[in-house]
Structure formats: structure tokens, C-alpha cells
Amino acid sequence: MSNTTWDKLVSGDEISRVKRERNTPYIAKTIYVSSLEDEEADNWVLLNKMKNPKKVKVKKDKSQDEIFEDVVWVLFANLGFTTLNRDKYFKMSYGNSTAQTQQIDVFAVDDETIIFVECKSALKLKDGVFKKEIEALGAKINGLRNEASKHFPYRKCKFIFATNNYIMSTEDLQRLDSLNITHFDENKISYYQELVKHLGTCARYQLLGNLFANQAIKGMDNRIPAIRGKMGGHTYYSFSIEPEKLLKIGYVLHRSEANSDMMPTYQRLIKKNRLKSVRKFINEEKGYFPNSIIISIDSKKQLQFDRSDKQVADAVADLGILHLPQRYRSAYIIDGQHRLYGYSDSPYASSNSIPVVAFENLDQSEQVRLFMDINENQKSVSKNLRNTLNADMLWDSPKESEKRDALRLKIAQNLGEKSTSPLYGRISIGEDQSSAIKCITIECIRISINVGNFLSKFDKKNLPTQYGIFDLSNNDETMKLLYPFLEKCLTYVKLNTADEWDKGSADNGILTINNGIGGLIRAINDIANFLIEKSKIYPMKDSIDFMAKEAEYYLDPICRFVNNINEEDRNDIRKTYGGNGPMHCWRFFQKAINTERPEFKPEGLQKYWEEHGKEFNTDSIKIMSEIEVVIKSYIRERLEDVYDTKWIYEIPQAVFINASKLASKNKYETGEDKDWWEFVNILGCKEIVLFGKNWSEIFSKKFTLDSEKKKTGGKNAKTEWMVMIDKLQKKAGKANFTVAKSEYQILCEVQDRFSQV
């Protein structure tokens with residue numbers, strides 16, 4: 001006996017009403033005013049008063065689980081599914097007993113499919129363990145499928161396990177796969193949400209192509225007149241087809257985390273504005289596109305092509321009837337996705353025809369190359385997407401340097417896409433939108449691996465210039481060695497810096513941003529080199545677990561530094577921009593290790609902090625303020641000694657005019673009448689010292705420091721220290737202000753020299 005609550009399903013206009021409720025982040029109800037106090041004790045709050053003074057409307061925020069279920073439900077409604085469950089009280093029978101019922105979070109039906117969705121959500125990113133839930137669902141699948149098919153016959157069924165803020169374990173993913181249950185994480189859901197904004201209900205074709213890849217499409221006439229030919233060693237077909245037919249079998253390999261299991265992928269996400277203009281061109285202006293859409297037909301066997309009896313003599317192409325596959329996701333759209341999807345929800349989707357050039361079984365790597373060539377050698381492809389594509393396209397390059405670059409990029413991708421990675425969902429890949437959490441670029445990770453010696457480096461002749469400590473001379477084998485080592489080291493840091501790791505770029509976070517991760521990867525490379533030097537590890541023979549365990553002793557100081565970082569260092573790391581950011585953070589991590597483990601002395605560390613430490617800042621600011629006064633006094637006294645009252649004519653006119661303007665401005669703003677000389681800065685002093693005969697006859701001996709005497713380049717080179725002081729004065733007080741040891745030594749020499757005046 002069935003206990004399925006079919007009355008809890010909605011369709012037609014009722015879906016819109018339920019969608020409005022689902023889109024609201026709270027639930028509301030009407031109550032009597034007399035019971036308001038009791039309801040408030042149960043976390044209900046007043047929403048608004050009613051016309052009836054005895055009644056009011058109250059609301060309560062939905063739980064995290066309810067909000068996520070609503071997000072998924074609304075997605076399927078927007079995708080055009082025609083029947084859905086009304087609320088969380090929909091349940092289905094799955095066995096012979098009346099007690100054997102299962103509550104279904106999201107139940108969605110269209111003319112061809114039935115979708116079951118089980119939802120799991122957490123407030124913050126955390127590890128998920130779902131062995132019990134998955135196995136329980138797996139035991140009910142057949143019963144649920146049979147029950148649904150009785151009510152909605154002749155439809156394909158699919159079960160989805162949807163998660164939000166959970167890092168799925170490899171074991172759970174394998175359990176889902178063995179039961180033919182599809183996993184949707186928040187990235188996949190976001191992808192379809194974004195897609196449905198652009199495509200409307202036709203985004204469902206992408207979803208069905210994903211869920212039912214290679215399964216038959218019922219009732220589709222797949223015969224089409226075509227020309228068959230050869231191009232570049234590949235078989236291709238040229239034909240015209242109704243857009244709705246190609247939409248059903250077509251699939252766009254968008255480069256996003258949603259399609260990470262179909263590597264390599266290469267297409268950019270559809271642009272809404274461009275799609276709108278295409279639709280307007282088709283619908284309002286009755287326009288058409290004469291250029292062909294480029295696709296690759298994925299056939300399990302050679303495509304059936306019925307060659308016509310009527311052929312052109314000596315022609316290099318054949319005429320005939322092509323039999324397209326009657327399967328979802330059997331045609332990959334290489335070029336022309338906007339033109340094709342411009343016909344979605346259009347009255348011309350079934351009456352117009354569009355020209356197509358279809359290659360047969362084009363390898364996906366070859367699809368990437370063709371996509372790149374069509375897009376003018378990557379000029380119109382964003383850098384992040386280009387990097388993503390190069391990971392696939394250069395993997396088997398004959399150039400060793402390109403192969404290693406592909407490996408670096410692939411490691412970066414895996415760190416962002418593998419559910420076991422501590423950086424899962426934190427790296428912007430392809431055309432993923434960045435956020436406070438997803439704020440690390442694959443370019444940053446590529447560079448961070450490249451500056452070290454994990455991998456070998458080669459010159460233009462393919463000759464090695466440096467051998468990599470983890471390089472096995474084969475990308476696939478090296479990936480198996482280097483990637484898990486990095487993943488384990490990063491995971492260790494994540495587990496021991498949980499609060500900082502979770503921040504991303506929010507709350508002044510410094511670790512899971514480009515600077516932090518770029519610095520951390522460099523530091524891990526240093527640690528590996530140190531352990532090899534001390535004969536603690538041998539990457540070519542030791543287990544990955546053993547090597548990562550050895551590294552932990554030197555990762556601990558980094559974790560303690562991050563957990564106890566002061567605001568000055570935090571701001572210093574965050575506000576060092578560009579390529580210097582990861583490098584500067586790296587030096588902080590090196591210093592943290594060296595402080596606790598003095599035996600760890602990577603090359604360049606001491607010199608770097610002599611040049612970038614802040615220990616000389618306070619003294620330097622004081623010295624600079626003193627020496628500017630002394631230098632100006634010395635210059636004026638010497639000019640007056642030599643030229644008497646005419647000394648003013650022995651300085652550059654521009655210096656006098658500029659200082660006079662500043663004096664006038666100061667008088668206007670403050671009312672103070674100051675001598676123009678007070679507004680001559682250190683660069684003005686340099687111009688005076690070098691003006692006319694001043695250098696040779698008055699200032700050369702005094703203004704040539706002992707440390708500058710050996711400099712070549714004349715008087716400009718010998719007074720370059722004055723430019724240095726000007727630059728330091730302008731930076732003083734800013735977050736990234738540092739005085740190098742060498743600069744401090746020059747300031748001290750200047751102070752000593754002019755204090756003798």
C-alpha cells in the first residue's frame with residue numbers, strides 16, 4: 001500500500017506562489033495578539049499588524065537547512081521542471097510496508113525526467129562524513145524509483161546528493177558513484193543558478209546533459225542532410241539543423257568547478273548581455289547568422305552516414321544523410337554557444353535552421369586547441385581562463401618547459417577542485433567569480449611553484465638548467481608525487497591555523513589569500529630542500545606520508561606565527577601588493593622558522609631582513625628630520641659666504657619659484673608669514689648643490705660621501721643619496737615603510753658628516 005503524499009505536489013501557476021515563499025528567508029503566520037507573547041518566546045517576531053486589531057503577522061528566520069533546500073528547489077523551478085514538491089512534508093513510499101516512507105527534500109519532474117534531491121548544509125565550511133546517510137539512501141533508491149514511475153511513467157530517474165559548506169571525503173564520493181548518485185556541491189549549484197539567469201529554462205539542457213550523459217532522448221528525429229569531408233586529418237560534416245534539436249544533444253564544456261570531472265574543459269561562461277543582444281537580433285529583427293557553429297560529435301561508434309546516389313564527379317566531399325546520436329551530451333559546442341542559446345525560449349527555435357560544422361569524435365585536447373585558434377590565439381581569452389586551458393593543452397607539449405608549466409597549472413587547479421584539498425573552493429579557476437573566500441589565483445600558485453625547485457627548468461633547446469627535487473621527468477608520475485605532498489603540508493597548516501585559514505580575504509586575513517598561499521608554497525619548498533640537505537627525506541623513494549610528517553616540525557613555527565601575528569605584521573603582509581606580496585610573506589614565514597629552528601638558514605633570508613626589516617625605521621625618521629635642517633643651513637651659509645646678498649641668483653629659478661608658491665599658500669591657509677627657504681625640500685637642495693659652478697667650487701667635497709666616492713657617473717651619481725632621503729621621507733608613516741640597513745648606514749654617515757659643520 002502506498003503512503004506517498006502526492007497531494008503535496010504543485011504544478012502550473014501554483015509553482016510561482018510556492019517559489020515566492022521559498023525565496024523568502026523567513027516563514028510567516030497570522031496569530032491572535034493575545035498569543036504574541038508565547039510566540040515571541042518561541043523566537044517568532046512581529047512582522048506587521050493586520051486590519052483586524054485582534055490579529056498580527058509574525059515571522060521566524062528559516063534554519064540553514066531550510067534555506068539551502070529552498071535554494072535547490074527554486075533552482076529546479078527556474079530550470080522549468082513542471083511538477084515539484086510543495087514543502088518539506090512530501091514523503092514517498094519505498095517498500096511494501098506502510099511505515100517504509102522517505103521524506104524528499106526536493107522532488108522535480110518534467111516531461112522526460114524525475115529528479116530526487118537529498119540536501120545537507122552547514123553554516124561554515126567543514127568536513128562531511130555521510131557514510132550512514134548515503135548507504136541509507138542507496139537502500140531505498142529502487143523502491144523510490146518504482147513508486148515515482150507509477151505516478152509519472154516513461155521518465156528517467158536521477159538521485160542527487162546536494163551539499164553546502166561540506167568537504168566531501170573520497171570514500172563518500174566513491175559511495176555515491178557506486179550507487180549512481182550525482183553529487184552537487186555549492187559550486188555546481190551556483191553554476192546552474194548563474195546559467196539559468198542567462199538561458200532561462202533552456203539551461204535545463206545543460207543539466208540533463210550532465211545528469212543523463214549518453215542516455216537516449218525519446219522521440220527525436222535524428223536524420224539530417226549533410227556533406228561529409230576531411231579537414232586537418234579529421235572527418236567533419238556540414239549541415240543545417242533546427243536550434244532546439246541541437247540544444248537537446250549539445251553540451252557546452254564551461255570551464256568552471258561544475259564541470260571539473262569532465263576535463264579538459266574550455267568554454268567561457270555565457271555572457272547575459274551578449275545573449276540578450278543575440279535574442280533581440282533573432283526575435284525582433286528576424287536576423288540570422290551565416291557563420292557556422294562548430295561542434296564535436298561524441299559517438300560511441302562511427303556515425304551512420306547514408307551516402308546519396310547522386311554525387312558530384314571528382315568532388316572531395318560526399319552528399320548524404322547523417323544520423324545524429326539520439327543521446328544527451330553527444331555534441332560538444334566548441335564555438336557559437338551564444339548563437340545557439342540565443343534561440344532558447346525563442347519561437348524560431350524549431351522553425352529556423354543554423355549552419356553547423358561538426359567534427360567526429362574530436363579529442364577534447366584537440367577541441368581546446370581549436371577553441372584557442374578560433375579565439376585569435378587566446379587574445380580574447382582572459383588570463384585566468386588561458387592558464388586553465390594551458391594546463392590541458394600543454395600537458396604533452398614537446399617543449400619540456402611548457403610541460404612543466406602545464407603541471408604547475410594542473411596542481412593549482414587540483415588544489416582548488418579536489419574535495420580532499422584544504423583549498424577546495426578557494427581558488428578562482430577559469431572564469432569563476434572571485435569572492436572573499438575564493439580569492440586565490442592559479443597564476444599565483446603557478447609562479448610560487450615555479451620560483452622554487454620542486455620541478456626541473458629548461459632552456460629553449462630543451463636542455464635542463466636546473467633539476468627538480470620532486471621531478472620524475474614525466475608529468476603524470478611527478479603529479480602523483482608532488483601534488484599529495486603539497487596537499488598534506490597545506491592540510492597540516494589548515495588544521496593548525498583554523499581561524500585564520502577560514503578568513504580568506506575577509507577580516508584582514510593573511511593566509512588564504514595570494515600573498516599567504518604564495519608564501520606558504522615557497523616555504524614548503526624551502527623545508528623540502530632543507531630536509532633533503534640534512535638527509536632526512538629522499539623524495540624519489542620515501543613515502544609521501546613520511547615526508548609530510550618530517551615537514552611538520554618546520555611547519556609548526558609558521559602556524560604559531562600566523563596564530564599570534566601582530567597587527568603591524570598583518571598589515572605589512574596584506575598591503576604588500578603585486579608580485580612582491582607572496583615573496584614578502586614568504587620571508588616572514590622563513591624568519592618564523594629560523595627563530596625557532598636556528599639550523600634552518602635559507603639563502604638570502606638575513607640579507608632580505610637587513611633590507612626590509614623595520615628595526616631602523618624610528619631612528620631613521622629622526623635622523624632625516626635633523627639632517628634636512630642641517631643640510632639646508634649649511635647650503636645657505638656657504639652661498640651667503642661666497643655670494644653675499646646675491647646668493648639667491650645662484651640657485652635654480654624653479655626652486656625659488658616653487659618654494660615661494662608654497663610659502664604663499666601656507667600664508668593664505670594659516671596666516672603665518674614664513675620665509676620661502678623653509679619650503680625648500682631635499683631634492684631642491686640637490687638642485688642647488690649641482691647648479692652652475694656650485695658643485696665644483698663650493699659643495700663637491702662636503703656632499704660626496706665616503707661611501708659614494710667610488711661611484712662613476714659624476715655629480716648626479718655622487719648625490720643620489722639625497723634622492724634616497726627624499727623617497728624615504730615620502731614613504732615614512734605608511735604601512736609598507738621600511739628602511740634597509742644599507743640606507744640606514746648612509747643616513748648615519750650623512751648625520752656624522754654634517755654634524756661636524
Side-chain angles (χ1 to χ4, degrees), residues 255 257 260-266 363-366 368-369 372 378 381 383-418 420-424 426-430 440-491 514 517-518 520-529 532 537 539-542 544 547-548 551 582:
R255 193 58 190 83
E257 292 178 23
S260 61
D261 58 341
M262 288 181 282
M263 302 296 289
T265 53
Y266 50 85
D363 180 82
Q364 277 182 244
S365 296
E366 190 65 30
V368 174
R369 295 180 194 278
M372 298 284 253
Q378 310 176 30
V381 181
K383 185 174 184 179
N384 207 43
L385 179 56
R386 188 161 62 247
N387 272 333
T388 307
L389 300 180
N390 278 336
D392 301 313
M393 200 169 77
L394 302 178
W395 190 258
D396 295 312
S397 170
K399 295 181 180 179
E400 294 293 336
S401 59
E402 290 184 347
K403 284 172 66 174
R404 296 313 187 281
D405 213 36
L407 179 54
R408 296 180 193 103
L409 292 168
K410 184 65 74 176
I411 288 172
Q413 286 181 40
N414 283 355
L415 285 171
E417 293 179 336
K418 282 186 172 292
T420 56
S421 167
L423 291 175
Y424 172 65
R426 313 295 292 268
I427 300 172
S428 180
I429 297 172
I440 303 164
T441 65
I442 60 175
E443 175 70 1
C444 170
I445 295 176
R446 183 192 74 81
I447 292 173
S448 301
I449 297 174
N450 185 49
V451 296
N453 67 337
F454 275 126
L455 303 177
S456 299
K457 294 183 174 67
F458 298 83
D459 60 21
K460 293 181 180 179
K461 296 181 180 179
N462 261 5
L463 298 174
T465 57
Q466 181 185 54
Y467 288 101
I469 57 175
F470 275 66
D471 201 313
L472 297 174
S473 301
N474 175 282
N475 270 7
D476 292 303
E477 294 303 314
T478 305
M479 172 67 91
K480 294 175 185 176
L481 175 64
L482 178 55
Y483 174 78
F485 175 73
L486 286 174
E487 186 183 272
K488 287 180 181 297
C489 289
L490 292 170
T491 298
N514 277 338
I517 294 301
L520 187 53
I521 289 173
R522 287 167 165 86
I524 292 171
N525 193 185
D526 288 334
I527 292 169
N529 275 304
I532 291 170
I537 66 170
M540 303 306 171
K541 69 174 186 178
D542 285 339
I544 293 163
M547 292 189 292

(message) D542: which residues meet the side-chain hydrogen bond (donor to acceptor under 3.5 Å, both in side chains) condition with it, sequence neighbours left out?
(response) none
(request) For D405, check side-chain hydrogen bond (donor to acceptor under 3.5 Å, both in side chains) against everything at least two apart and list the hits. (result) R408, R446
Distance, nearest 0.5 Å, that separates [atom1] of [X] from [atom2] of [Y]:
| X | Y | atom1 | atom2 | answer |
| --- | --- | --- | --- | --- |
| I521 | I447 | CD1 | CD1 | 11.0 Å |
| K403 | K410 | NZ | NZ | 14.5 Å |
| L520 | R522 | CG | CZ | 11.0 Å |
| I445 | L409 | CD1 | CG | 10.0 Å |
| I537 | I469 | CD1 | CD1 | 7.0 Å |
| M547 | I532 | CE | CD1 | 8.5 Å |

Under a 4.5 Å cut-off applied to non-hydrogen side-chain atoms, are [X] and [Y] in contact?
| X | Y | result |
| --- | --- | --- |
| C444 | I517 | no |
| N414 | M479 | yes |
| L407 | L482 | no |
| L415 | Y483 | yes |

(message) Suppose the criterion is salt bridge (Lys or Arg N to Asp or Glu O under 4.0 Å): which pairs have a residue in residues 467-485, not counting sequence neighbours?
(response) R404-D471, E477-K480
(request) Only pairs at least two apart or in different chains count here, so list each salt bridge (Lys or Arg N to Asp or Glu O under 4.0 Å) that has a residue in residues 447-462. (result) none
(message) Can you list everything that forms a side chain to side chain contact (heavy atoms under 4.5 Å, CB included) with P422? Sequence neighbours excluded, please.
(response) E487, L490, T491, K494, W501
(message) Please check: side-chain N/O of N529 versus main-chain N/O of G452, any donor-acceptor pairing under 3.5 Å?
(response) no
(request) Would you confirm whether N453, through its side chain, and Q466, through its main-chain N or O, come within 3.5 Å as a donor-acceptor pair? (result) no
Compare every heavy atom of [Y] with every heavy atom of [X], then report the nearest pair and how far apart it is.
| X | Y | value |
| --- | --- | --- |
| P539 | L481 | O-CD1, 3.6 Å |
| G468 | S456 | N-OG, 2.9 Å |
| S473 | T478 | N-OG1, 3.9 Å |

(message) Checking F454 now: which residues fulfil ring-ring contact (aromatic ring centres under 6.0 Å, His included) with it, not counting sequence neighbours?
(response) F470
